[in-house]
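Take a look at the structure below.
Quick caveat, the model's predicted, so the values are computed rather than measured.
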Amino acid sequence: MPQNLKNLMSTQVVSVTPEQSIQEAATLMKEHNIGSIPVVDNGQVAGMITDRDITLRSTAEGTSSHIPVHECMTTNLTVGTSTMDAHEAATLMSQHQIRRLPVVDNGQLVGMVALGDLAVENTLQNEAEEALSDISQHNETHP
């Protein structure tokens with residue numbers, strides 16, 4: 001029986017607002033040992049901020065660590081829904097070269113699913129490994 005994301009996603013999601021500083025976002029990443037955080041404005045996902053976004057769009061540019069997250073975040077997001085089939089999510093993540101997928105229902109962030117969450121599901125292990133391999137190869141050829 002296919003699993004949907006509701007059964008696999010994490011519902012304890014660390015998030016930031018668009019106005020918080022990138023330093024605050026980086027501190028949360030360090031505290032929670034994560035590399036990306038959804039940017040949430042009134043419950044709606046406005047974007048994602050990653051450690052790579054901060055490095056390339058701020059640190060490498062010599063910008064202050066006190067600039068707001070919305071100046072560095074990624075906004076063209078790929079999202080899933082809690083009723084989405086896990087196989088569909090794995091395919092989507094592979095196609096869009098992402099390791100984490102925000103789960104949104106009725107415009108509100110309800111969870112996050114990572115490739116590791118999908119790999120726990122035995123029937124999805126090959127798809128998750130394939131998606132990670134695709135992502136890793138893409139990142140090696142397109143830094």
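We find the CG-CG distance between Asp117 and Asn7 to be 12.0 Å, quoted to the nearest 0.5 Å. Atom CD1 of Ile22 sits about 10.5 Å away from atom OG1 of Thr27, to the nearest 0.5 Å. Here Ser15 contributes atom OG and Ile37 contributes atom CD1; the two are 8.0 Å apart, rounded to the nearest 0.5 Å. Taken from CD in Glu19 to NE2 in His70, the straight-line distance is 6.0 Å, to the nearest 0.5 Å. Between the CD atom of Glu24 and the OG1 atom of Thr17 there is a distance of 7.5 Å, given to the nearest 0.5 Å. One finds the CZ atom of Arg57 at 12.0 Å from the CD atom of Glu71 (value rounded to the nearest 0.5 Å).
Residues Ile67 and Ser58 meet the side-chain proximity criterion, which asks for heavy atoms closer than 4.5 Å. Looking only at side-chain heavy atoms (C-beta outward), Val13 and Pro38 come within less than 4.5 Å of each other. Within the 4.5 Å cutoff, side-chain heavy atoms of Gln23 are placed close to those of His66. The shortest distance between side-chain heavy atoms of Met84 and Val103 does not fall below 4.5 Å. Between Thr78 and Leu92, some side-chain heavy-atom pair lies under the 4.5 Å cut-off. Taking the side chain as every heavy atom from C-beta outward, Asn4 and Asp85 never approach each other to under 4.5 Å. Side chains of Thr74 and Asp53 form a contact here, defined as non-hydrogen atoms less than 4.5 Å apart. Residues Val45 and Leu77 are in side-chain contact: their nearest non-hydrogen atoms beyond the backbone lie under 4.5 Å apart.
In terms of heavy-atom proximity, Ala25 sits nearest to Ile49 at CB-CG2, 4.1 Å. Nearest heavy atoms, Ala86 versus Leu8: CB-CD1, 3.6 Å. When every heavy atom of Ala46 is checked against every heavy atom of Pro18, the shortest pair comes out as CB-CG, 4.5 Å. Closest of all the heavy-atom pairs between Met73 and Gly47 is SD-CA, 4.1 Å.
Just one of Leu28, Val40, Asp41 meets the side chain to side chain contact (heavy atoms under 4.5 Å, CB included) condition when paired with Val16; it is Leu28.
Cluster membership for Ile98 and Val110, using ILVMFWY side-chain heavy atoms within less than 4.5 angstrom, is shared. Hydrophobic clustering (side-chain heavy atoms under 4.5 Å, transitive across Ile, Leu, Val, Met, Phe, Trp, Tyr) groups Ile34 together with Val39.
In this structure, Glu31 places its CD atom where more than 12 heavy-atom neighbours from other residues, nucleotides or ligands lie under 6.0 Å away.
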Assess the residue pair Leu115 and Met93 against the criterion (side chain to side chain contact (heavy atoms under 4.5 Å, CB included)); give the C-alpha distance rounded to whole Å, side-chain angles, the decisive distance to 0.1 Å, and a yes or no. CA-CA 8 Å; Leu115 279 177; Met93 292 168 84; 3.9 Å; yes
Leu5 and Leu101: CA distance, side-chain angles, deciding distance, side chain to side chain contact (heavy atoms under 4.5 Å, CB included) verdict: CA-CA 10 Å; Leu5 296 187; Leu101 185 70; 4.1 Å; yes
Could you walk me through whether Met29 and Ile54 pass the side chain to side chain contact (heavy atoms under 4.5 Å, CB included) test, one step at a time? CA-CA 11 Å; Met29 288 178 199; Ile54 293 170; 4.0 Å; yes
Decide yes or no on side chain to side chain contact (heavy atoms under 4.5 Å, CB included) for Leu109 and Gln44, but give the supporting numbers first. CA-CA 6 Å; Leu109 179 68; Gln44 297 189 333; over 6 Å; no
